[in-house]
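Okay, structure first, notes after.
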Amino acid sequence: MALPVESIRALADLHPKPAHVRFQYGTAGFRTIASVLDSVLFRVAVLAALRSKKLDGKTIGVMVTASHNPEEDNGVKLVDPRGEMLDTSWEIHATALSNAQTTDDFISELERIVQTLNIDLSKPARVVYARDTRPSGASLVASLEDGIKAIGAEGRNAGVTTTPILHYLVRAINTKGTKESYGEDSEEGYFLKLTNAYKKLVSTRETPEPLTIDCANGVGAPIAARLAEYLGGTLPLVLENASITTPGALNNACGADYVKTSQKLPPSLAGRLQPGQRGCSLDGDADRLMYFYLDERSQFHMLDGDKIAALVAAFIVELVKTSGLDGQMKVGVVQTAYANGASTKYLSERLPVRCVQTGVKHLHHAAEHYNIGVYFEANGHGTVLFSPPTQDLLQTYQPSTPAQSTALEHLRNLNQLINQTVGDALSDMLLVEVVLAHKAYSGTEWDSLYVDLPNRLVKVVVADRNQFKTEDAERQLVSPVGLQQKINEFVRRYDGGRSFVRPSGTEDVVRVYAEASIKAQADELAFRVAGLVYDECGGNPATRPKEFM
Ligand SMILES: CC(=O)N[C@H]1[C@@H](OP(=O)(O)O)O[C@H](CO)[C@@H](O)[C@@H]1O
Ligand SMILES: [Mg+2]
């Protein structure tokens, strides 16, 4: 069977690639200003169909979102059959297709892919897609639907929903009717799976004080509202920043990325959160979560991805131990170099910790090596993975005491509560609430598990960020040659000092991270290293940021 070239050509002509734009399928898929993305959406749909055919008709997911980016941006990423991110080896095909200039170039590129990957075009193709609340979403989805139609794939529209729900749906569809069934392949199936597990986990606990959710004025708002209905009062939720139709509101001075970067309460919550109260922020597609609370003096305290990892990992280790499964189950944590050094210290004293490259796919894959793998980026993206043999063991294990039996039941319910396809702000939020309820912790007690080392993250604009090459999970620079030694010399002069430099995978900048035991010192170290990088790597002297030292 050949490609339906005529139908592809006719529809592709309606979605021409803009001249002079170069696209790249990066860490977060394609992401840029929405107005240039029309052709990308059309082409991604065709690629998703090819991937589905290559995988014997398994359903591939397509999510249209730009997460925490500004409202005028949009983006698209593919989801593989088990609900994970697209296999990295296909990223280059996505990039190549998106950059083909004419319809003819696009078709030749498709033919090349079909041939190189030996794709059997007679196989069925199935694609499920969704979008966030961005104003550009509807028209981009229409372009996507044209691509699905052009290649004759079967499309399923999952509507306006969160990224993690789309990932859930992909896995649920592909495991339907099998022994690994992940749940009903509907939003309702998702809500029921999570809330049933939550209710069982907190059944013997008191109903907590209401939890405020900053929904970033995004898709998390309507989804959290439905979640609240399914929770039915077992966890009272107060939704803030839930205006999904107010122009310009999305992610604007609110949401998880705002909280993490500015380390502040979103101004819109001032006076809405009372002293002692806890709250959390979602990002624009609800796959990141940041917690926070106000102490009795109304001081803001942030509980980031590292604090979530510490809370959750310690709880799971305890349950595994109490259940009597500790001889058979290795629990581990995966972090990146951006994890606060104090969190790494706290966790390493309790369980194995690995550091990997930035980017969720690296964390996810490393976490798969444990029986139970906890991974979180400091920015609040993360989840917990139970390996397939571990899930079987949880079903067959025979506890010998009532305490073992209770702990086992909790582990089984956590396995249901946690969205294991990808980081999921709402699932993670329920997980945090479970642990807080079990430990009877308020924000203060959770926060005091360890004290964050003061730190500073700085962006540096250099002539060419591609000259920066790293090793040791990005903690050491190997290129430009000699720069790492100079950084080390600075670091040595600071008590508790740590600093590393790496090229961003999502922005045209180099990132400098620094930590030290005192805030002023962390800032100074970061600005010294930033100044060094700037001067040595072609930063323009005329626009040298004044804070660089
Ligand atoms: C320091 C930082 O937060 N980096 C972020 C950012 O990656 P960069 O490669 O640093 O641009 O975006 C990634 C995708 O959202 C996210 O996984 C990662 O944590
Ligand atoms: Mg996101």
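Every number for a ligand or one of its atoms is a count from 1 in the order of the listing.
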Identify the protein heavy atom lying closest to [atom], giving its residue, its atom name and the separation to 0.1 Å.
atom: atom 12 (O) of ligand 1; answer: T506 CG2, 3.7 Å
atom: atom 5 (C) of ligand 1; answer: N379 ND2, 4.1 Å
atom: atom 10 (O) of ligand 1; answer: R511 NE, 2.6 Å

[X] ring center near [Y] ring center (under 6.0 Å):
X: H301; Y: F292; result: no
X: Y338; Y: F500; result: yes
X: Y293; Y: W446; result: no

Practice problem: Flag G505 as yes when one of its N or O atoms lies below 3.5 Å from any N or O atom of ligand 1, and as no otherwise. | Solution: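 For ligand 1, there is an N or O atom that lies under 3.5 Å from one belonging to G505.
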Quiz item: Is the closest N or O pair between H68 and ligand 1 shorter than 3.5 Å?
Solution: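 No; every N/O pair is 3.5 Å or more apart.
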Taking 4.0 angstrom as the limit and counting only heavy atoms of [X], give me the atoms of ligand 1 inside it, by number and element.
X: E377; value: 16 (C), 17 (O), 18 (C), 19 (O)
X: Y338; value: 1 (C)
X: T358; value: 18 (C), 19 (O)
X: S504; value: 8 (P), 9 (O), 11 (O)

Can you establish whether the number of heavy atoms outside [X] located under 6.0 Å from its atom [atom1] is more than 12?
X: R272; atom1: CZ; result: no
X: K264; atom1: NZ; result: no
X: K486; atom1: NZ; result: no

Exercise. Take every heavy atom of R502, measure it against each atom of ligand 1, and state whether any distance is under 4.0 Å.
Key: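 It does, in that a heavy atom of R502 comes within the 4.0 Å cut-off of ligand 1.
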Quiz item: Under 4.0 Å from ligand 1, counting heavy atoms only, is it the side chain of H381, its backbone, both or neither?
Solution: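 The answer is neither.
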Quiz prompt | Within reach of ligand 1, part of R288 (heavy-atom separation under 4.0 Å) | solution =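 Only the side chain of R288 comes within reach of ligand 1.
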Self-check item: R350 to Y346 six-membered ring, cation-pi geometry met (6.0 Å, 45°)
Solution: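 Verdict for Y346: a cation-pi partner in R350.
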Quiz item: Is Y370 close to R354 at the side-chain level, that is, under 4.5 Å between some pair of heavy atoms?
Solution: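 Contact flag for R354/Y370 side chains = yes.
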Will you find, in the side chains of [X] and [Y], an N or O donor that is under 3.5 Å from an N or O acceptor?
X: Q357; Y: T336; value: no
X: E474; Y: T358; value: yes
X: Y190; Y: T195; value: no

Quiz item: Number of protein N/O/S atoms less than 2.8 Å from the Mg ion (ligand 2)?
Solution: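 Protein N, O or S neighbours of the Mg ion (ligand 2) under 2.8 Å, waters not counted, come to 4.
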Quiz item: Is the shortest distance from a Lys or Arg side-chain nitrogen in E471 or R475 to a carboxylate oxygen in the other one below 4.0 Å?
Solution: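 Result for this pair is no, no salt bridge flagged.
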